[in-house]
Amino acid sequence: MKNSHLIQRAAALALAAVMAAMTAGCGAKEQKDGAADGAKESTKQTGTADPGAADVAKGRYVEQSVAYPFEDGTERVLDIIQDQNGELVMFTLVGQEAEGKKKAYRYDGSSWREDTASPVMSLMDSFYLAYSAYGPDGTLYVIYSDKDYKAHLVKFADGQTMQEIPAGIEDAMVLLNGLYVSDDSTVFIPSNDQVIVVGADGTVKKKLPQRSSFSNFCDSHTLTVNSFLTTGDRGFLRYDLKSLAEKEVIPFQTDESDVYGSLARGDGDDFYLANAKGIHHMADQGTMWETIVDGSLNSMSMPSAYVKRLLVGNDNDFYLWYSESEEQKLARYTYDPEMPAIPSKTLTVYGLNLSENQTVKQAASLFQMEHPDVRVELIDGASESGSTLKSDTIRSLNAELLNGNGADVLVLDGLPIESYIEKGVLEDLSDIITPMVNAGELYPNIAESFTGSDGSVYQYPVRVSIPIIYGSGTAVNQMTSIGTLRAWQEANPDKAVFPKTIYENILRQMICLYYPELLGNDAGQLDTEKVRILLETAKLAGDAGGSRVVFDESEDGGRGQVYNTAETRGFTGLSDYGLLTKSTEVSLVELSGMMDVMTPSAIIDKYGYQMKQFNDIYYPKGLLGVTSFGKEKETAREFVEFALSPKVQNGDLNDGFTVNVTASGAWKERASMVSISFSFDGGEALSAEYPDDKKKEEIMGMLDKLRTPISVDDILLEMIVSETKGYFEGKQTAAEAAGQFENKAKLYYAE
């Protein structure tokens with residue numbers, strides 16, 4: 001490992017610091033270290049990079065994709081490691097696991113070559129290669145599973161046949177997550193809550209405690225010259241190689257999510273970490289992480305990317321093996337001394353809760369990679385405001401917007417959109433949306449919902465989720481309106497349509513199902529009499545299912561805590577439980593991706609139910625709008641168009657379905673081997689698999705039928721819940737609670 005990683009990075013940071021000092025007196029905005037902040041949730045509301053001089057700081061790592069030496073789909077990558085000289089070695093599988101042929105390749109920094117002499121070729125076709133590592137003398141160590149899923153540790157010394165090492169891991173295949181060989185040929189095997197240490201003589205020397213892990217995405221282990229590093233509850237644990245005693249705990253660079261990153265050795269006892277924020281360095285006896293590669297400017301920050309392994313190259317470079325949308329990829333990071341250390345533009349994107357908008361994050365990462373001169377700064381309103389109340393956060397944002405400040409792009413979910421349009425806060429995007437609709441790129445029925453009578457478009461979703469209903473009896477058809485639901489419930493007091501939960505969830509769900517029905521004559525305002533009927537119906541339906549204002553946590557063997565959990569739209573995930581345990585007549589589920597289709601499909605197929613869209617309504621997500629006063633208007637408009645393109649829309653991040661017709665083909669073609677088994681209260685176990693072609697066609701066909709978007713102002717929703725609570729507590733009549741809400745709402749509408 002070359003020290004030039006650190007020398008060049010230090011030089012770039014030093015130059016950036018000098019430039020910042022030179023421009024500070026000229027009104028330049030304060031800039032954070034570009035390696036640490038970027039397309040992420042930030043505490044800054046605004047900020048556009050202003051170099052202030054021609055000689056801007058230069059030098060940063062850039063990402064390059066490394067193509068595999070085979071066509072997509074013909075081989076599957078099993079492992080990518082380095083030999084004793086630091087050369088990349090890749091093992092692949094041709095065909096199915098039970099009978100697939102293994103192949104080996106080597107990468108010299110510019111091209112792959114097949115290694116037909118690799119000892120992995122001697123592994124039986126029925127043996128599945130799980131982990132591999134080279135020892136200091138070039139001996140290859142491999143963990144494989146046999147046809148009975150038993151794990152075996154073997155080694156291939158030069159010129160010798162395969163030798164099995166009795167490490168006692170036969171029954172631990174599902175728990176294993178790594179293989180490492182030290183300079184004295186000691187083997188370290190992380191396995192769930194321990195690291196099995198096997199001496200050069202093949203005997204187990206010790207088992208070192210580590211953080212429990214059942215995931216093969218957990219690769220946060222590595223060897224240095226004098227220590228072995230793994231994960232603990234508070235950070236990375238460093239064990240001394242000689243004594244095998246714990247030496248220290250090194251705090252995580254981000255948080256506990258670092259256990260799903262990857263560690264790699266450096267020089268001596270320093271090491272590197274790859275996570276969603278980039279590649280970071282920890283010096284020997286250091287206390288502070290230094291960011292070497294800014295993950296916000298490359299693939300690492302994509303929500304669809306999962307780090308598998310970081311490898312430190314021999315030429316001042318890094319390699320990252322990762323999976324993205326179920327594809328295995330390899331990237332190389334090389335230092336470019338001419339690349340500006342900090343992008344010249346900063347595009348700010350603000351949302352109330354960006355953790356719920358994975359597609360917006362994906363768009364930010366991909367946009368930056370295509371626009372190296374732009375940093376996309378994602379601002380999360382919930383964390384930025386410091387307030388636990390959404391109303392306070394929104395009021396603070398409103399004040400800033402009306403003063404002509406704030407972000408370039410707004411993620412409008414939960415915000416008072418109509419008010420923003422009336423006050424001229426948002427730009428008309430029809431010149432972007434209309435051509436895409438006319439070209440057949442966007443669903444016309446969805447576009448129609450966001451196009452005004454004058455052809456204007458001020459907002460557009462990057463995703464949509466679809467509520468569906470299924471079950472037995474007549475209840476499925478009687479839930480189309482508040483009135484028909486109420487009539488059915490009064491006629492069937494011993495039957496329930498909503499599962500056991502707090503009244504609040506039923507109220508929230510009914511608002512989000514029947515919102516158009518609740519609107520009065522004034523645009524965007526709710527009719528008080530209709531709110532009264534809503535409250536009475538919600539309590540009637542809730543009582544039938546056993547709902548309460550709040551449950552003791554010990555309720556139903558500890559399920560009370562689940563019952564008490566409030567969800568924004570009231571979809572608690574308890575509907576399927578109610579249907580399978582015969583405590584409800586129907587199940588109402590919000591589909592946000594193909595994974596969400598798995599359980600409903602298994603239930604529907606098992607019991608012969610019919611899946612129906614609920615009133616052809618849908619929930620738009622990631623509603624993007626461009627502010628009229630933003631400093632980067634043109635870049636903001638480019639970002640919106642990019643977010644709606646197949647480059648972003650092809651991915652399924654389980655935060656909603658695509659709004660791009662062209663991208664729907666990728667959704668139908670996507671395959672997955674994911675499967676789950678489930679049962680409730682000891683009942684019959686059901687198996688659910690990723691949707692087959694017929695089911696995918698059915699689900700994607702629903703997108704053409706979506707007619708009514710439901711987008712509820714978060715302040716209004718929270719207001720209904722809080723101001724009508726007295727009715728469910730028995731302290732008010734429904735009319736009194738509805739009137740109290742009306743008075744509060746009038747003040748809000750007047751703001």
Side-chain angles (χ1 to χ4, degrees), residues 303-304 325-327 356-359 362 440-449 461-472 476-477 479-480 509 512-513 569 571 573 575-576 579-580 586-622 644 646 648-676 678 686-710:
S304 60
S325 297
E326 301 202 25
E327 288 186 43
E356 297 178 359
N357 288 285
Q358 297 301 312
T359 300
Q362 183 88 342
E441 297 174 37
L442 299 178
Y443 284 96
N445 52 308
I446 295 176
E448 183 180 351
S449 300
V462 296
R463 285 289 193 249
V464 293
S465 62
I466 308 170
I468 60 168
I469 186 171
Y470 48 94
S472 59
V476 171
N477 297 322
M479 291 192 68
T480 55
Q509 192 170 50
C512 293
L513 291 173
R569 281 187 288 275
F571 289 88
S575 279
D576 286 337
L579 188 62
L580 288 178
V586 303
S587 182
L588 273 161
V589 176
E590 179 183 358
L591 300 181
S592 293
M594 285 298 176
M595 293 293 186
D596 289 345
V597 180
M598 294 171 61
T599 300
S601 293
I603 296 172
I604 289 167
D605 293 345
K606 174 69 176 178
Y607 297 102
Y609 299 143
Q610 292 295 314
M611 179 190 295
K612 295 180 59 176
Q613 290 178 246
F614 191 90
N615 288 354
D616 293 335
I617 67 173
Y618 64 97
Y619 302 119
K621 294 184 172 184
L644 297 175
V648 175
Q649 293 291 319
N650 280 347
D652 180 1
L653 300 173
N654 213 52
D655 64 341
F657 289 89
T658 181
V659 296
N660 187 295
V661 179
T662 309
S664 65
W667 283 66
K668 295 174 185 177
E669 293 170 5
R670 184 176 296 111
S672 175
M673 298 179 66
V674 173
S675 63
I676 58 173
F678 61 94
L686 295 180
S687 295
E689 298 181 346
Y690 194 79
D692 57 21
D693 290 345
K694 181 180 179 181
K695 187 63 67 176
K696 283 185 286 188
E697 282 283 353
E698 178 184 357
I699 298 301
M700 299 307 290
M702 292 181 178
L703 295 173
D704 290 311
K705 302 172 185 175
L706 302 178
R707 294 290 178 267
T708 308
I710 305 293

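Keep in mind that this is a model prediction, so the values were computed, not measured.
Listed here is the closest heavy atom pair of Pro600 and Leu591: CG-CD2, 4.5 Å. Between Phe657 and Ile466 the shortest heavy-atom distance is CD1-CD1, 4.1 Å. In terms of heavy atoms, Thr658 sits closest to Ala663 at OG1-CB, 3.6 Å. Nearest approach of Leu653 to Ser304, heavy atoms of both residues: CD2-CB, 3.4 Å. Closest heavy-atom contact between Pro461 and Val659: O-CG2, 3.5 Å. Between Asn650 and Ala666, the shortest heavy-atom distance links the atoms OD1-CB, 3.6 Å.
Atom OG of Ser472 and atom CD of Gln610 lie 12.5 Å apart (nearest 0.5 Å). In this structure, CD1 in Ile617 is found 14.0 Å from CZ in Arg707, a value given to the nearest 0.5 Å. Rounded to the nearest 0.5 Å, atoms CG (Asp652) and CZ (Arg670) are 5.5 Å apart. With rounding to the nearest 0.5 Å, the separation of CD1 in Ile604 from CD1 in Ile468 is 5.5 Å. Taking OG of Ser601 as the reference point, atom CE of Met611 lies at 4.5 Å (rounded to 0.5 Å).
Side-chain contact between Tyr618 and Gln613: absent, with no pair of heavy atoms (C-beta onward) separated by less than 4.5 Å. Side-chain contact check for Val661 versus Leu442: every heavy-atom pair is 4.5 Å or farther apart. Proximity of Leu513 to Leu588: side-chain heavy atoms (C-beta onward) are separated by under 4.5 Å at one or more points. Using a 4.5 Å cut-off on side-chain heavy atoms (C-beta onward), Met594 and Tyr690 make contact. Under the 4.5 Å side-chain criterion, counting only non-hydrogen atoms from C-beta, Phe678 is in contact with Thr599. Taking 4.5 Å as the limit, every side-chain heavy atom of Ile710 sits out of range of all side-chain heavy atoms of Arg569. Side-chain contact check for Val462 versus Val648: every heavy-atom pair is 4.5 Å or farther apart. Annotation: side chain of Val674 is in contact with side chain of Met598 (closest heavy-atom distance under 4.5 Å).
Considering only residues two or more places apart in sequence or on other chains, Tyr609 meets the ring pair (Phe, Tyr, Trp, His ring centres under 6.0 Å) condition with Tyr607. With sequence neighbours excluded, no residue satisfies salt bridge (charged side-chain N to carboxylate O under 4.0 Å, His left out) with Lys705. Partners of Glu698 according to the salt bridge (charged side-chain N to carboxylate O under 4.0 Å, His left out) rule, which considers only residues two or more places apart in sequence or in another chain, are Lys695.
Salt bridge status for Glu590 with Lys621: present, with a side-chain N to carboxylate O gap under 4.0 Å.
Checked by atom type and distance alone, the side chain of Asn445 pairs as donor or acceptor with a backbone atom of Asp704 at under 3.5 Å. Distance alone, capped at 3.5 Å, places no donor-acceptor pair between the Trp667 side chain and the Lys696 backbone. Checked by atom type and distance alone, the side chain of Glu697 never pairs as donor or acceptor with a backbone atom of Lys668 at under 3.5 Å. A distance-only check finds no donor-acceptor pair linking the side chain of Arg463 to the backbone of Asn654 [under 3.5 Å]. Between the side chain of Asp596 and the backbone N or O of Gly656 there is no donor-acceptor pair closer than 3.5 Å. The backbone N or O of Asn660 sits nowhere less than 3.5 Å from a side-chain atom of Glu441 that would complete a donor-acceptor pair. Remark: the backbone N or O of Gln358 is paired with a side-chain donor or acceptor of Asp655 at under 3.5 angstrom.
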Exercise for the section: Before giving the answer on side-chain contact (heavy atoms from CB on, under 4.5 Å), spell out for Lys612 and Asn477 the whole-Å C-alpha distance, their side-chain angles and the decisive distance to 0.1 Å. Expected result: CA-CA 10 Å; Lys612 295 180 59 176; Asn477 297 322; 2.9 Å; yes
Handout entry: Chi angles and distances behind the side-chain contact (heavy atoms from CB on, under 4.5 Å) call for Thr480, Asn615
Key = CA-CA 6 Å; Thr480 55; Asn615 288 354; 3.7 Å; yes
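Under the 30°/60° scheme for interplanar angles, the aromatic rings of Phe571 and Tyr619 are found to stand perpendicular.
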